[in-house]
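Below you'll find the structure, written out as structure tokens, and then a few comments.
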Amino acid sequence: SRMALPALLLLLLPQCSPRPHCGALLSSTAVRLPIPRAMVLAKSPLRRARRDKTPAAISRYSSKGDNAPYYNDIAFGLVFCTGALVARDVIFCVAFCGLSATAALATSARTIPDTATVPAAVAVSALVLSAMAASVLQAPLPAATEVGACLISVIAGVYLSREAEAAS
């Protein structure tokens, strides 16, 4: 049975025989499996852009300089991880991610403004929507930790919007 897996892999990969254009990978059972060199030498465009210091490569991957709106929720990780890891509330996580994705798409399409209050509205809306869904599905209501994380998101949104108003 120990030799069955490498033999099966060699039968499934007949086009990769040991030739000069193939590299080899040593598996955990010490059997050499040929891998096409194109797979071994594949480079990602992000890796090339990091090495290339030309302004075109830098501007291609950075959003500085363009005035395109974007959705920036600084408390997304806190709210999502609180719902997923602490409260283990699937309804809240689905509602929050769905509303966040909708807000991100609407912001980039310039349907809604890209202000700091949008993520706060998303957090409150997800909380209300998950409470309504939980009552319909007869599931437990959102936990106090989720309410606290959404409250932090609201406080951060209000603070950042006031800071942006003061700067302009």
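Keep in mind that the numbers below use all heavy atoms, side chains included, and drop hydrogens, waters and symmetry copies. Predicted model, so just to flag it, every value in this text is computed and none were measured.
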Can you check whether Phe92 reaches Val79 side chain to side chain, under 4.5 Å on heavy atoms?
yes

Would you give the length of the straight line joining atom [atom1] of [X] to atom [atom2] of [Y], rounded to the nearest 0.5 angstrom?
X: Asp89; Y: Thr82; atom1: CG; atom2: OG1; answer: 11.5 Å
X: Leu99; Y: Asp73; atom1: CG; atom2: CG; answer: 11.5 Å
X: Glu165; Y: Thr115; atom1: CD; atom2: OG1; answer: 9.5 Å

Nearest heavy-atom neighbours spanning [X] and [Y]:
X: Thr145; Y: Ala87; result: OG1-CB, 4.1 Å
X: Ile91; Y: Ala134; result: CD1-CA, 4.3 Å
X: Pro142; Y: Glu146; result: CA-OE1, 3.0 Å
X: Ser161; Y: Ala116; result: N-CB, 3.7 Å

Linked, directly or transitively: Leu129 and Leu141 (ILVMFWY side chains, under 4.5 Å):
no

Under 4.5 Å between side-chain heavy atoms, counting indirect links through other Ile/Leu/Val/Met/Phe/Trp/Tyr residues: same cluster for Phe76 and Val147 or not?
yes

Table please: side-chain donor-acceptor pairs of residues 150-158 below 3.5 Å, with sequence neighbours left out.
none

Apart from Leu160 itself, residues in the same hydrophobic cluster as defined by side-chain heavy atoms under 4.5 Å:
Ile74, Tyr159

What side-chain donor-acceptor pairs closer than 3.5 Å can you find for residues 118-128, not counting sequence neighbours?
unit_1	atom_1	unit_2	atom_2	d
Ser125	OG	Ala121	O	2.7

